[in-house]
Structure formats: C-alpha cells, structure tokens
Amino acid sequence: MKKFGILCVMALFAAIAFSSCQDGSSDQDKALAQKIENNEELSSSDYSHMIEYVGAYAEDAQKYLDMQINGDNLAEAKEGLAKLATDYPYVGVYRACIAATPLNKFSTDDLEKIAKYAGLIEFTAPAGYTLPTAGPDAAGLEEAIPDSANGVIAGAVDTVQVKDF
C-alpha cells in the first residue's frame with residue numbers, strides 16, 4: 001500500500017510538471033507578461049529573461065524560415081512555425097517590449113545577448129540598436145553581396161541600424 005501511495009504522488013508530480021510545460025510557458029512568463037501589460041517597472045532579470053525567451057524562439061524558428069525561403073518542405077515549415085507559436089505564447093509581448101525599451105535599460109550582458117540573436121529573422125532588437133555586420137565578431141551575419149551579373153551592385157555595409165517606425 002505504501003508503494004502505491006508513493007507511486008500516486010510521483011504520478012501526480014509528473015502530471016503537474018508535464019501540464020505546466022505543455023505550452024512552453026511558465027508562471028514566470030505569465031507574470032512577466034502581466035507586468036508588461038500593466039506598465040510596471042521591469043527588473044534587469046526581466047529584460048534578460050525576455051531576451052533569452054525571444055532568442056530561443058528565433059533560433060527555433062530560423063530552421064523553418066530557411067525552409068520557407070528556400071522553398072523546401074513548405075508544409076513542414078508551416079506546421080513547425082504553428083507549433084512554435086503555441087510553444088512560445090508570449091513572444092509577441094516580449095518582442096514589442098524589447099523593441100520599445102531604450103538601450104540604456106539593458107545591461108552589458110543583455111546587449112551581448114541581443115548581439116547574439118540580432119542576426120536572426122524572428123528576433124527584434126531594440127530601436128536604435130546597431131548591429132555590427134563586418135569584422136571577425138560578426139562572422140556568420142554577413143551575407144553575400146549580389147554582383148553585377150544579376151543587375152545589382154551593392155557596396156559594403158558596416159552596420160545595420162534598427163529604426164523605430
């Protein structure tokens with residue numbers, strides 16, 4: 001009987017853990033989204049969490065976006081992006097908050113995280129953030145410059161400025 005009770009308790013904890021992770025959100029995410037919607041003061045850890053959350057989403061979404069861009073497995077890409085939308089329900093709220101936050105609100109660590117994710121399509125950097133696109137620190141962010149063979153001549157770009165529209 002004692003083993004059965006322990007087994008039931010373990011099953012209950014497993015069910016709770018599974019259901020709380022089911023949609024990729026947590027109580028922390030829900031509380032943070034509520035803070036944002038209520039225009040409450042955000043802490044440094046709040047900003048850090050938002051950047052990591054949106055960055056993780058952007059990394060996961062990049063695979064599917066590349067599939068769409070290349071015209072490969074469009075159905076799989078569509079399904080993957082739809083699943084990510086349910087796995088990351090607060091990505092829109094967090095993205096908007098990051099984009100609207102002045103740069104001076106972010107710590108040095110946060111700015112390093114932003115630099116890590118800023119080259120991804122689904123990551124929104126704060127307005128005014130300058131992403132270096134040349135040099136050894138930006139390897140992988142540089143894209144091939146079209147040449148005159150296809151009628152496009154482009155010059156070198158050293159930075160990309162995110163503008164607030």
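- The shortest side-chain heavy-atom distance between Lys63 and Glu76 falls under the 4.5 Å cut-off.
- Rounded to the nearest 0.5 Å, atoms CG (Asp66) and CG (Asn73) are 12.0 Å apart.
- A side-chain N or O of Asp60 and one of Tyr88 form a donor-acceptor pair less than 3.5 Å apart.
- When all heavy atoms are compared, the tightest approach of Gly55 to Leu120 is O-CD1, 4.4 Å.
- Contact check for Leu32 versus Leu42: side-chain heavy atoms found under the 4.5 Å cut-off.
- Between Phe123 and Tyr117, the ring planes lie tilted relative to each other; the angle falls in the 30° to 60° range.
- To the nearest 0.5 Å, atoms CG (Asp46) and CD (Gln28) are separated by 7.5 Å.
- For the atom pair His49 NE2 and Ser26 OG, the distance stands at 5.5 Å (nearest 0.5 Å).
- Separating the CG atom in Leu74 from the CD atom in Gln68 is a distance of 7.0 Å, to the nearest 0.5 Å.
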In residues 94-107, what donor-acceptor pairs under 3.5 Å come from side-chain atoms, sequence neighbours left out?
{"unit_1": "Tyr94", "atom_1": "OH", "unit_2": "Asp29", "atom_2": "O", "d": "3.1"}
{"unit_1": "Tyr94", "atom_1": "OH", "unit_2": "Asp29", "atom_2": "OD1", "d": "3.1"}
{"unit_1": "Arg95", "atom_1": "NE", "unit_2": "Glu122", "atom_2": "O", "d": "3.1"}
{"unit_1": "Arg95", "atom_1": "NH2", "unit_2": "Glu122", "atom_2": "OE1", "d": "2.6"}
{"unit_1": "Thr101", "atom_1": "OG1", "unit_2": "Cys97", "atom_2": "O", "d": "2.5"}
{"unit_1": "Ser107", "atom_1": "OG", "unit_2": "Asp109", "atom_2": "N", "d": "3.4"}
{"unit_1": "Ser107", "atom_1": "OG", "unit_2": "Asp110", "atom_2": "N", "d": "3.1"}
{"unit_1": "Ser107", "atom_1": "OG", "unit_2": "Asp110", "atom_2": "OD2", "d": "3.4"}

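- With values rounded to the nearest 0.5 angstrom, Tyr64 atom OH is found 14.0 Å from Asp72 atom CG.
- With rounding to the nearest 0.5 Å, the separation of CE in Met67 from CG in Leu81 is 9.5 Å.
- Glu52 meets the salt bridge (Lys or Arg N to Asp or Glu O under 4.0 Å) test with Lys113; sequence neighbours excluded.
- In this structure a side-chain-to-backbone donor-acceptor pair under 3.5 Å is present from Gln62 to Ile121.
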